[in-house]
Amino acid sequence: MTSDSGSSGSDGSDGRGGGRGGGRGRSEGNEGSGKGALTALHLFLVWAAMTAAVPALGFGVVAAAWGGGAAPAFVVGVPLTLGLLVLAGLPARTVVPLCGSGPKRVGWAVLVFVLGTIGVAAGLAAYTGDVDLGSAGTRIVLTGVPYAVAAALFVPGRWVRPGALVVLAVAVAYGGFVGPARAERRQDEAEVARYREHRELLYLGDAPAGMRVSRAQVGPAGFSVDYRPVREGYEPGYAGLVVRRAITPELRCPEILAKGTTCAVGADGVMSLVDELSGGARQARQVTLVRRLRNVEVTVGSQSVDEPRLRRLLATLHPLSDAELDQLRQDKAITLS
């Protein structure tokens with residue numbers, strides 16, 4: 001009997017010990033979830049307060065600057081914003097050591113405001129660099145994020161600080177690398193679209209031997225190309241190509257020609273104008289060839305390139321390719337008029 005009683009007592013003691021252990025586990029779990037909820041509430045309040053206050057502060061400072069006095073708006077707005085941050089730190093008194101007392105909360109608010117404002121300034125710099133930050137509403141929502149990330153850096157815990165560092169790293173990567181690369185690509189595509197706006201005019205011929213494309217100009221009325229020697233400055237020479245919309249049903253020689261000018265339309269449909277230019281020690285000759293190509297009229301002319309080479313230039317006309325356009329842009333040899 002005694003043995004059974006002792007055994008029962010022992011079992012009861014173990015049961016009570018197990019009950020106390022389970023109670024401690026539940027208490028720690030409840031405490032952990034409670035801190036997690038307080039942390040989430042704390043960061044949400046920081047984000048919400050700054051999302052509301054910072055755009056208003058910025059607008060007030062800019063509006064006051066237009067009136068000639070931004071300092072009063074800044075002096076009034078910054079303390080009010082800090083006051084909102086102090087209030088946002090109240091729920092975190094037991095979670096964030098720097099929010100444990102009134103003076104500490106003020107110092108914490110100043111630190112969060114300074115760090116968050118640096119983040120907002122970096123975002124503004126990225127935005128002015130054409131980095132896409134979404135619509136106006138999205139940008140306002142993002143305003144509070146740097147302050148929430150700054151507040152998260154002061155929360156002790158296994159996941160909060162690393163999470164804040166991950167968000168910071170993503171923001172730096174997007175604002176410093178991914179966003180600018182996308183912005184540059186958008187600008188590049190927009191520039192190409194402007195050049196291609198009148199693609200029916202964009203025809204290019206192979207440069208005559210020893211020459212290269214020196215300059216090209218794109219406009220709503222035409223496309224012009226200048227060909228000059230590869231060793232420009234050391235060798236003379238010039239040939240020009242102009243593409244315009246056709247304004248007459250067919251090519252015809254002018255009814256009245258200047259003295260020394262001959263004109264003929266060949267069986268190949270190319271009109272040839274040859275102008276014998278007199279003057280100086282030697283006589284010059286201006287050769288101009290005109291050809292119809294679909295709905296455009298292409299004219300090439302030169303005083304230094306002979307007619308066979310100009311005809312070859314006309315014969316090699318082709319739509320300006322993407323590779324050729326990219327090369328002209330890289331060489332800064334093409335402009336919009």
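Side chains included, hydrogens not; waters and symmetry mates left out as well; all remaining heavy atoms used. Note that the numbering runs from 1 along the sequence shown for the chain.
A donor-acceptor pair under 3.5 Å is formed between the side chain of Ser304 and the backbone N or O of Tyr238. Arg139 places a side-chain N or O within donor-acceptor distance of the main-chain N or O of Gly134, the cut-off being under 3.5 Å. A donor-acceptor distance shorter than 3.5 angstrom exists from the side chain of His318 to the backbone of Leu204, with no hydrogens or angles considered. In this structure a side-chain-to-backbone donor-acceptor pair under 3.5 Å is present from Arg291 to Leu314. The backbone N or O of Leu289 lies less than 3.5 Å from no partner atom in the side chain of Ser272, so there is not a single donor-acceptor pair. In this structure a side-chain-to-backbone donor-acceptor pair under 3.5 Å is missing from Arg228 to Arg215.
Exactly one of Arg285, Lys259, Gln286 qualifies for a side chain to side chain contact (heavy atoms under 4.5 Å, CB included) with Glu276. That residue is Arg285. Checking Trp108, Tyr147, Phe154 one by one against His42, the ring pair (Phe, Tyr, Trp, His ring centres under 6.0 Å) holds for a single residue, Trp108. Among the candidates Arg244, Arg292, Arg245, the single residue satisfying the side chain to side chain donor-acceptor pair (under 3.5 Å) test with Glu297 is Arg292.
The minimum heavy-atom distance linking Ala221 with Leu201 is given by the pair C-CD1, 4.0 Å. Considering every non-hydrogen atom in both Gly77 and Leu57, the closest pair reads CA-CD1, 3.6 Å. Nearest heavy-atom pair, Ala151 versus Val112, reported as atom, atom and distance to 0.1 Å: CA-CG2, 4.0 Å. The nearest pair of heavy atoms linking Ala164 to Leu153 is CB-CD2, 3.8 Å. Listed here is the closest heavy atom pair of Pro55 and Thr143: CD-CG2, 3.9 Å. Heavy atoms only, all atoms of each residue included: Val141 and Val145 are closest at O-CG2, 4.0 Å.
Heavy atoms from other residues, nucleotides or ligands lying under 6.0 Å from CZ of Arg312 number 12 at most. The neighbour count for Arg309 CZ, taken as heavy atoms of other residues, nucleotides or ligands under 6.0 Å away, is above 12. Counted within 6.0 Å of OH on Tyr127, heavy atoms from surrounding residues, nucleotides or ligands total 12 or fewer; the atom is thus considered open. No more than 12 heavy atoms of other residues, nucleotides or ligands lie within 6.0 Å of CG in Asn295, so this atom counts as exposed by the packing criterion.
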Report task. Determine, step by step, whether Leu320 and Leu328 satisfy the side-chain contact (heavy atoms from CB on, under 4.5 Å) criterion, reporting the C-alpha distance in whole Å, the side-chain angles of both residues, the deciding distance to 0.1 Å, and the verdict. Result -> CA-CA 10 Å; Leu320 183 69; Leu328 289 173; 4.2 Å; yes

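Taking OG of Ser302 as the start and CG of Leu241 as the end, the distance is 12.0 Å to the nearest 0.5 Å. The structure places CZ of Arg212 at 12.5 Å from OH of Tyr227, a figure rounded to the nearest 0.5 Å. Atom-to-atom distance recorded for Leu43:CG and Leu38:CG is 11.0 Å, nearest 0.5 angstrom. Rounding to the nearest 0.5 Å gives a distance of 9.0 Å between CD of Glu232 and CE of Met211. In this structure, CZ in Arg186 is found 8.5 Å from CZ in Arg182, a value given to the nearest 0.5 Å. The distance from the OH atom of Tyr174 to the CG atom of Leu133 is 6.0 Å, given to the nearest 0.5 Å.
Hydrophobic clustering (side-chain heavy atoms under 4.5 Å, transitive across Ile, Leu, Val, Met, Phe, Trp, Tyr) keeps Leu80 apart from Val61. Both Val114 and Leu98 are members of a single hydrophobic cluster when ILVMFWY side chains are connected at heavy-atom separations under 4.5 Å. Val298 and Leu273 fall into different hydrophobic clusters, where Ile, Leu, Val, Met, Phe, Trp and Tyr residues are linked whenever their side-chain heavy atoms come under 4.5 Å apart, directly or through other members.
Listed by chain and number, the residues in a side-chain contact (heavy atoms from CB on, under 4.5 Å) with Glu191 are Arg194, Tyr195, Arg329 (sequence neighbours excluded). Evaluation of the side-chain contact (heavy atoms from CB on, under 4.5 Å) rule for Cys253 yields Cys263, Val265, Met271 as partners, not counting sequence neighbours.
Within the structure, salt bridge (charged side-chain N to carboxylate O under 4.0 Å, His left out) contacts touching residues 87-112 (residues at least two apart or in different chains) do not occur.
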